[in-house]
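Lettering of chains follows the sequences in order, A, B, ..., and the numbering in each one begins at 1. All figures in this text were calculated on a predicted structure; none of them were measured in a lab.
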Amino acid sequence: MDTSKLTRIDDTTWQIDPTGDMRVPGIIFADEALIEAMDDKVAEQTANVARLPGIVQASYAMPDAHWGYGFPIGGVAAFDPDEGGVVSAGGVGFDVSCGVRSLLTGLTVADIRAVQERLADALAAQIPAGVGSRSGISLNRQEMDAMLVGGAAWAVEQGWGEPEDLERIEEMGRMAGADPDCVSEQAKKRQRREMGTLGSGNHYLEIQAVEKVFDAETAAAFGLVEGEVLVTIHCGSRGLGHQIGTEFLRDMLPAAAEAGIRLPERELACAPIHSPIGQRYLGAMRAAINCALANREILGHFAREVFDRFFPEHRLPLLYDVSHNTCKVETHTVGGRPRQLYVHRKGATRAFGPAHSELPEALRGEGQPVLIGGSMGTGSHVLVGMGTGGKGFYSACHGAGRAMSRHAALKRWHGRQVVDDLAERGILIRSPSARGVAEEAPGAYKDVDQVVEVAERAGLARRVARLTPLICVKG
DNA sequence: ATGTCC
């Protein structure tokens with residue numbers, strides 16, 4: 001990125017000063033190396049978001065930001081409904097409520113090494129992965145609506161998961177305000193047989209070891225012990241969220257024009273929060289959040305079934321489940337007064353600090369676990385939200401972020417070779433798609449360690465532990 | 001991300 005037009009605030013903060021019809025500044029969190037590697041498009045998109053009605057404080061981009069549809073991936077923006085604020089399908093993303101959950105196992109790396117090949121095969125057999133994969137679960141009309149309202153709580157009622165999981169999930173596992181009537185028949189049809197499936201792209205189920213602890217006290221409170229093993233799942237709302245995103249992106253374009261909103265570009269289609277379509281999107285998006293929460297709960301249950309066969313004496317309690325593609329109503333102090341804002345996080349993880357009322361009692365002392373997925377075969381991180389003064393409406397990065405397009409990655413690597421190279425380093429990949437593996441090659445991503453180190457220095461979240469993969473089931 | 005183009 002050309003930094004000559006940016007104002008450098010400090011080591012990790014760059015400002016796009018408001019010009020033209022920008023209503024607020026743009027803020028990019030990055031160090032010198034990350035901002036230089038970042039596409040100019042990130043600054044352009046961050047500035048464009050700052051032109052939307054009702055935006056408050058600033059349009060933010062996280063250290064892993066890259067070019068997205070309309071809003072940058074790694075973008076955070078909050079809108080005030082009483083100042084003409086908008087909601088945007090492109091500000092949430094196609095994979096509504098895509099997120100990460102981690103389960104603790106209490107097992108050691110040695111326990112896994114002893115059964116690694118068989119465990120990898122068993123997980124690959126149990127976890128449906130890849131485009132169009134099936135779990136065998138099929139929902140009728142009533143069950144679909146119950147799932148869209150009930151989220152992970154619904155999944156637990158059906159026997160997929162444990163009641164004690166719920167307090168470790170955003171919104172206690174059930175997003176309020178979901179309205180199945182706002183979800184199209186087409187979206188429901190696509191999802192009918194997709195519950196309990198992982199999907200493709202960068203979605204995965206990994207067995208990971210705690211490799212390094214940065215913050216011993218918080219790690220202990222989270223149950224993270226060096227040399228012990230976690231199960232981490234990264235996926236979202238599958239076809240349902242994608243269909244909702246597609247339909248509302250299409251329908252918000254004329255709606256924006258009708259509301260007299262001048263869009264910097266078509267991809268920023270949005271609607272006033274106080275408008276029928278804005279409200280319909282929120283009802284549908286919240287239903288998609290429940291779909292993703294239920295999906296991750298079911299996948300967690302499948303993983304537990306596999307572990308139960310290998311290690312029957314071990315339970316797998318949930319550490320946390322957090323999304324990085326949402327729009328949430330939150331109270332933040334802006335301009336000296338608390339305001340109810342619609343916070344869009346697209347490829348950005350919510351990072352609430354200690355004592356936040358949304359957190360369960362068991363986590364209030366430490367703050368919210370911020371689960372950051374790395375690229376396949378490299379590493380992942382657990383961070384924790386900051387106390388008062390969390391930047392970007394208490395948000396952090398969501399992953400490594402691509403450094404190379406899928407197309408470029410395909411030209412550079414073969415899936416088989418990537419799998420063999422990782423196997424030599426003790427990391428077993430199981431995927432139905434050699435092409436998918438090539439697209440997700442570790443070299444196609446930025447260095448997640450650098451991204452989280454910058455996130456910490458920028459005051460977005462604090463590092464707790466680094467995780468390294470042992471097994472990865474991919475779509 | 002995505003029944004990777006109805």
Name the nucleic acid region contacted by [X], choosing base, sugar-phosphate or nothing; use a 4.0 angstrom heavy-atom cut-off, strictly under.
X        : value
A:Arg406 : sugar-phosphate
A:Gly201 : sugar-phosphate
A:Gly93  : nothing

Take atom [atom1] of [X] and atom [atom2] of [N], then tell me their distance rounded to the nearest Å.
X        : N     : atom1 : atom2 : answer
A:Lys189 : B:dC6 : NZ    : P     : 12 Å
A:His407 : B:dT4 : NE2   : P     : 19 Å
A:Glu247 : B:dT2 : CD    : P     : 16 Å
A:Leu249 : B:dT2 : CG    : C1'   : 13 Å
A:His242 : B:dC6 : NE2   : C1'   : 14 Å
A:Gln186 : B:dC6 : CD    : C1'   : 10 Å
A:Gln243 : B:dC5 : CD    : C1'   : 14 Å
A:Asp95  : B:dT4 : CG    : P     : 15 Å

> Starting at the 5' end of DNA chain B and moving along, which residue's nearest nucleotide shows up first, A:Arg435 or A:His203?
Replying inline: A:His203

> Should the pair A:Arg134-A:Glu194 be classified as a salt bridge under the 4.0 Å nitrogen-to-oxygen rule?
Replying inline: no

> Taking only residues at least two apart or on different chains, which pairs with a member in residues 121-130 of chain A satisfy salt bridge (charged side-chain N to carboxylate O under 4.0 Å, His left out)?
Replying inline: A:Asp121-A:Arg430

>> Is A:Thr246 close enough to B:dT2 that one of its side-chain N or O atoms is under 4.0 Å from OP1 or OP2 there?
In response: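 No, outside the criterion.
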
> Parallel, tilted or perpendicular: which fits the ring planes of A:His66 and A:His398, with parallel below 30° and perpendicular above 60°?
Replying inline: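 Taking A:His398 first and then A:His66, their aromatic rings lie parallel (interplane angle under 30°).
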
> Which residues pass the salt bridge (Lys or Arg N to Asp or Glu O under 4.0 Å) test with A:Arg406, sequence neighbours left out?
Replying inline: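 Listed in chain order: A:Glu439, A:Glu440.
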
